[in-house]
Amino acid sequence: KAAAGVLVGSHGADVATQTAPFCSLDMFRRMFLPNIRRVFAVFKDAGLPVMMHSCGNIVAFIPDLIDAGLDLLEPVQPCMDLEYLKREFGKDLSFWGGIDTQELLPFGTPERVREETRRVVRILGRNGGYIAGPSQEIMNDVPTANIIAMLETIKEEQYNM
């Protein structure tokens with residue numbers, strides 16, 4: 001609990017690729033969701049918010065995850081429709097990530113990084129509920145100038161959220 005320094009319950013289950021879930025919604029509900037519900041219940045019973053890590057486009061599963069108690073989705077990846085995520089689930093979920101680590105950060109120019117970071121922060125940060133950051137860890141092929149561009153833009157945009 002918070003008194004012990006625990007502020008959030010975290011669960012990880014990669015259930016999708018960047019183009020589609022690993023399984024059908026029916027299979028997810030039968031094979032994965034019961035266990036996810038049990039894990040989330042432990043955190044909820046302790047009075048903790050729940051975050052879940054799952055790479056890929058898990059949009060089809062989000063309503064069931066919210067129903068199971070999900071509060072924070074990590075990471076949000078560019079393969080998801082960010083406007084749709086915010087519009088459909090922003091009242092129920094907070095989002096973490098969204099800034100592309102596969103193409104934008106390693107191969108974009110600092111100006112392009114600024115533009116895209118600004119766009120992502122303004123979409124997901126609208127009315128709060130957003131932890132701004134990259135969609136995954138930053139790898140060693142990312143130019144320092146692009147990391148600086150992303151961080152400076154996040155700092156500038158924090159006042160617009």
Side-chain angles (χ1 to χ4, degrees), residues 8-44 48-109 112-142 146-147 149-151 153-154 157 160-161:
V8 63
S10 180
H11 177 69
D14 285 342
V15 293
T17 70
Q18 292 183 13
T19 57
F22 286 142
C23 61
S24 69
L25 182 56
D26 180 61
M27 183 177 281
F28 173 78
R29 287 175 174 160
R30 285 186 293 112
M31 304 296 290
F32 293 93
L33 192 57
N35 185 57
I36 290 170
R37 282 186 186 282
R38 283 191 292 275
V39 172
F40 285 11
V42 171
F43 299 136
K44 289 297 187 176
L48 297 172
V50 176
M51 70 178 263
M52 179 174 166
H53 170 94
S54 180
C55 294
N57 191 342
I58 66 164
V59 173
F61 302 151
I62 290 176
D64 288 305
L65 293 168
I66 291 170
D67 185 61
L70 184 65
D71 298 297
L72 172 65
L73 179 62
E74 182 275 323
V76 173
Q77 293 185 283
C79 59
M80 300 169 158
D81 180 336
L82 303 185
E83 288 280 359
Y84 178 81
L85 279 178
K86 187 66 175 186
R87 182 179 64 250
E88 295 300 316
F89 308 116
K91 69 181 182 348
D92 298 309
L93 285 183
S94 293
F95 303 103
W96 182 342
I99 301 166
D100 180 28
T101 57
Q102 292 181 315
E103 297 293 326
L104 177 69
L105 288 177
F107 304 116
T109 63
R112 178 73 184 110
V113 170
R114 288 180 201 285
E115 290 169 7
E116 183 62 10
T117 298
R118 190 172 297 110
R119 184 186 79 81
V120 170
V121 169
R122 288 181 180 180
I123 292 169
L124 294 175
R126 191 172 46 242
N127 300 318
Y130 177 53
I131 299 171
S135 60
Q136 287 289 337
E137 62 276 352
I138 297 174
M139 304 304 275
N140 62 5
D141 64 341
V142 175
N146 286 357
I147 297 170
M150 178 188 68
L151 293 174
T153 305
I154 290 170
E157 289 296 318
N160 295 324
M161 290 195 272

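Because the structure is a prediction, the values reported are computed rather than measured. The figures here come from the full heavy-atom set of this structure, side chains too, leaving out hydrogens, waters and symmetry mates.
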Atom CG in N146, atom OG1 in T109: separation rounded to 0.5 Å? 7.0 Å
Sidechain N-carboxylate O distance under 4.0 Å for D100, R112: no
Between the side chain of S54 and the main-chain N/O of V15, is any donor-acceptor distance below 3.5 Å? yes
How many angstroms lie between CZ in R37 and CG in N35, if you round to the nearest 0.5 Å? 12.0 Å
Indicate the atoms forming the closest heavy-atom contact of P49 with D71, along with that distance. CA-OD2, 3.2 Å
Taking E157 first and then R119, would you say they form a salt bridge - that is, a charged N and a carboxylate O separated by under 4.0 Å? no
Heavy-atom side-chain proximity of P63 to F89 below 4.5 angstrom: yes
Any side-chain heavy atom of L65 sitting closer than 4.5 Å to one from L93? no
Check: residues 23-33 side-chain donor-acceptor pairs under 3.5 Å, at least two apart:
{"unit_1": "S24", "atom_1": "OG", "unit_2": "M27", "atom_2": "N", "d": "3.0"}
{"unit_1": "D26", "atom_1": "OD2", "unit_2": "R30", "atom_2": "NE", "d": "3.0"}
{"unit_1": "D26", "atom_1": "OD2", "unit_2": "R30", "atom_2": "NH2", "d": "3.4"}
{"unit_1": "R29", "atom_1": "NE", "unit_2": "D64", "atom_2": "OD1", "d": "3.3"}
{"unit_1": "R29", "atom_1": "NE", "unit_2": "D64", "atom_2": "OD2", "d": "2.9"}
{"unit_1": "R29", "atom_1": "NH2", "unit_2": "D64", "atom_2": "OD2", "d": "3.1"}

Does the pair D14 and H53 meet the rule for a side chain to side chain contact (heavy atoms under 4.5 Å, CB included), with working shown? CA-CA 7 Å; D14 285 342; H53 170 94; 3.3 Å; yes
Charged N to carboxylate O below 4.0 Å: is that the case for E115 and R118? no
Closest non-hydrogen atom pair between L124 and Y130, with its separation: O-CB, 3.2 Å
In this structure, CD of Q102 is separated from CE of M139 (nearest 0.5 Å) by 10.0 Å
Any donor-acceptor pair under 3.5 Å linking the side chain of N57 with the backbone of M80? no
Could you check whether any side-chain heavy atom of K44 comes within less than 4.5 Å of a side-chain heavy atom of V50, counting everything from C-beta outward? yes
Give the minimum heavy-atom separation between F61 and P21, together with the two atoms involved. CZ-CB, 3.4 Å
Does the side chain of M150 reach to within under 4.5 Å of the side chain of T153, using non-hydrogen atoms? no
Answer yes or no: is there a donor N or O on one side and an acceptor on the other, between the side chain of S135 and the main chain of G97, under 3.5 Å? no
May I ask you to test the I62-L85 pair for a side-chain heavy-atom distance under 4.5 Å? yes
Just wondering, do V76 and V120 contact through their side chains at under 4.5 Å, heavy atoms? no
Which heavy atom in Q77 sits nearest to a heavy atom in L82, and how many Å separate them? O-CD2, 4.1 Å
Indicate yes or no: at least one non-hydrogen side-chain atom of L105 is less than 4.5 angstrom from one of I147. no
Could you state the interatomic distance from NZ (K86) to CG (N127), rounded to the nearest 0.5 Å? 6.5 Å
Is the shortest heavy-atom distance from the side chain of E88 to the side chain of V59 under 4.5 Å? no
First locate atom CD1 of I66, then atom CZ of F40, and finally report the distance between them rounded to the nearest 0.5 Å. 10.5 Å
Point-to-point distance, once rounded to the nearest 0.5 Å, from CD1 of I131 to CD1 of I154: 11.5 Å
